[in-house]
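Everything on this sheet refers to the single structure shown next.
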Protein chains: 2
Amino acid sequence: MDTAPWTVPSVECPSRTVLEVLANKWVLYVLGALQQHGEPMRFNQLGRTLPGITQKMLTQTLRTLERDGLVARRVYPTVPPRVEYELTSLGHKAGRLTVLIGEWALAHVDQILTARTAFDHRAATTPAPLS
Amino acid sequence: MDTAPWTVPSVECPSRTVLEVLANKWVLYVLGALQQHGEPMRFNQLGRTLPGITQKMLTQTLRTLERDGLVARRVYPTVPPRVEYELTSLGHKAGRLTVLIGEWALAHVDQILTARTAFDHRAATTPAPLS
DNA sequence: CTGCATCCTAAACGATACTG
DNA sequence: CAGTATCGTTTAGGATGCAG
């Protein structure tokens with residue numbers, strides 16, 4: 001046995017759809033933001049925290065996270081409406097993972113950027129081994 | 001200060017492109033497979049381990065991982081050609097994260113699947129609060 | 001065996017306009 | 001404020017065929 005349970009699954013295995021929840025840029029950012037902010041955040045507050053996200057993507061991301069039970073949506077029937085989002089305990093566990101991922105990224109930006117440059121340089125100079 | 005460095009970056013910040021490396025389904029699977037197999041794997045061996053992946057996606061994924069310095073590609077000039085892929089130390093660090101993600105997914109499949117069903121049920125029954 | 005190149009479809013995404 | 005709806009474009013991805 002050289003594979004863990006989550007690598008075995010066939011394409012139809014539900015655990016894959018679950019793992020793939022986190023294989024998403026905005027999901028990582030949203031979870032990370034909520035995780036680090038510590039308390040519930042409002043829709044536009046979240047939007048302002050995430051440069052580059054569109055309203056559409058924010059809505060969509062929050063919906064799927066809510067659907068999967070990672071985020072709780074709380075609506076205050078005031079006017080104008082006030083909607084807050086916060087991590088559930090399940091979302092909190094995922095949030096901790098996204099923070100780890102963020103830390104890994106931050107710790108190795110330089111190394112990876114260097115690797116990319118080197119690779120691209122090689123690709124640009126080696127393509128013709130003999131002519 | 002309520003945001004960690006990796007949440008602040010503007011759209012052009014390089015650390016984002018790095019974080020987004022892991023925001024990819026096949027990257028997670030490939031890193032996970034290599035991480036757990038422990039030793040170098042050949043192209044088709046990797047392919048067989050990952051049900052549903054196409055040759056194109058496997059190649060593409062391995063290339064970007066190689067470019068980013070997470071995976072090392074070793075070619076044995078035999079015939080037929082033998083190509084092995086293994087995690088670099090940087091890739092190993094990422095690999096450990098992907099294993100954590102896989103474990104998180106596996107541990108909460110049921111909970112998430114249940115949440116989805118409940119949400120969809122609510123969505124199917126509540127849409128008309130008043131008519 | 002390990003790939004690259006091509007075509008083509010499906011899905012993701014951005015922009016914009018509109019609503020309670 | 002917090003969305004929904006639609007449209008048009010971009011991108012990802014699958015299938016196939018060919019090559020070292």
Side-chain angles (χ1 to χ4, degrees), chain A residues 11 16-17 20-30 33-34 40-67 71-86 119 122-124 126-131, chain B residues 11-12 16-17 20-30 33-34 40-67 71-86 119 122-123 126-131:
Chain A
V11 198
R16 287 183 61 140
T17 76
E20 288 162 20
V21 165
L22 297 187
N24 179 301
K25 171 180 152 179
W26 292 121
V27 163
L28 295 184
Y29 286 134
V30 167
L34 286 172
M41 292 180 77
R42 300 185 57 172
F43 185 84
N44 283 338
Q45 180 184 14
L46 216 27
R48 267 176 274 113
T49 307
L50 275 18
I53 199 171
T54 60
Q55 193 184 51
K56 180 182 178 178
M57 291 315 294
L58 183 53
T59 301
Q60 191 177 112
T61 303
L62 286 170
R63 282 298 164 281
T64 66
L65 288 177
E66 185 194 1
R67 181 171 112 104
V71 159
R73 180 170 180 268
R74 205 183 306 283
V75 182
Y76 299 88
T78 60
V79 40
R82 175 190 186 86
V83 182
E84 290 186 342
Y85 295 90
E86 64 179 327
F119 183 92
R122 250 174 292 137
T126 8
L130 178 65
S131 71
Chain B
V11 201
E12 321 78 45
R16 287 182 63 138
T17 77
E20 289 162 20
V21 165
L22 296 187
N24 179 301
K25 174 179 153 179
W26 292 122
V27 163
L28 294 184
Y29 285 135
V30 167
L34 286 172
M41 292 181 77
R42 300 186 56 174
F43 185 83
N44 282 339
Q45 180 185 13
L46 216 28
R48 267 176 275 115
T49 308
L50 276 17
I53 198 172
T54 60
Q55 195 182 51
K56 181 183 178 178
M57 291 315 294
L58 182 53
T59 301
Q60 191 177 111
T61 304
L62 286 170
R63 282 298 162 282
T64 64
L65 288 177
E66 186 194 359
R67 181 171 111 105
V71 159
R73 181 171 180 265
R74 205 182 307 282
V75 182
Y76 299 87
T78 61
V79 42
R82 176 191 185 85
V83 182
E84 290 187 343
Y85 295 90
E86 64 178 328
F119 182 93
R122 250 174 290 135
T126 6
L130 178 64
S131 75

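Protein chains get the first letters and strands the later ones, always in sequence-line order, with residue 1 at the start of each. Every heavy atom of this structure was used, including side-chain atoms; hydrogens, water molecules and symmetry mates were not.
In this view, E84(A) and Y76(A), R82(A) satisfy the side-chain hydrogen bond (donor to acceptor under 3.5 Å, both in side chains) rule, not counting sequence neighbours.
When the P atom of dT4(D) is taken as reference, atom CG of L62(A) falls 10 Å away, rounded to whole Å. Separating the CD atom of E84(A) from the C1' atom of dA2(D) is a distance of 13 Å, rounded to the nearest angstrom. Following rounding to the nearest Å, L50(B) (CG) and dG14(D) (P) show an atom-to-atom distance of 12 Å. One can place CD of E20(A) at 11 Å from P of dG13(D), the figure rounded to the nearest angstrom. R73(A) places its CZ atom 16 Å from the P atom of dC1(D), with the value rounded to the nearest Å. Straight-line distance from the CG atom of L58(A) to the C1' atom of dC1(D): 13 Å, rounded to whole Å.
Within 4.0 Å of R42(A), counting heavy atoms only, lie sugar-phosphate atoms of the nucleic acid but no base atom. Y76(B) comes within 4.0 angstrom of nothing in the nucleic acid, heavy atoms only.
Considering every non-hydrogen atom in both V21(B) and N24(B), the closest pair reads O-CB, 3.8 Å. Scanning both residues, A33(A) and T49(A), for their nearest heavy atoms gives CB-CG2, 4.2 Å. Nearest heavy-atom pair, Y85(A) versus V71(A), reported as atom, atom and distance to 0.1 Å: CD2-CG1, 3.7 Å. Contact detail for F119(B) and R63(A): the closest heavy-atom pair is CZ-O, 4.5 Å. Residues R73(B) and V75(B) share a closest heavy-atom pair of NH1-CG2, 3.6 Å.
Residues L62(B) and L46(B) form a side-chain contact, since some pair of their non-hydrogen atoms from C-beta on lies under 4.5 Å apart. Here the side chains of E20(B) and Y29(A) are in contact, with some heavy-atom distance below 4.5 Å. A heavy-atom distance below 4.5 Å is found between the side chains of L58(B) and V30(B).
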Letter per nucleotide, 5' to 3', of nucleotides 13-20 of chain C [B base touched, S only sugar-phosphate touched, - untouched; heavy atoms, 4.0 Å]: BBB----B

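Rounded to 10°, the helix from dC1(C)-dG20(D) to dG20(C)-dC1(D) has 50° between the axis fitted to its first five pairs and the one fitted to its last five.
Put simply, Y85(A) has a side-chain N or O that comes within less than 4.0 Å of OP1 or OP2 on dG3(D).
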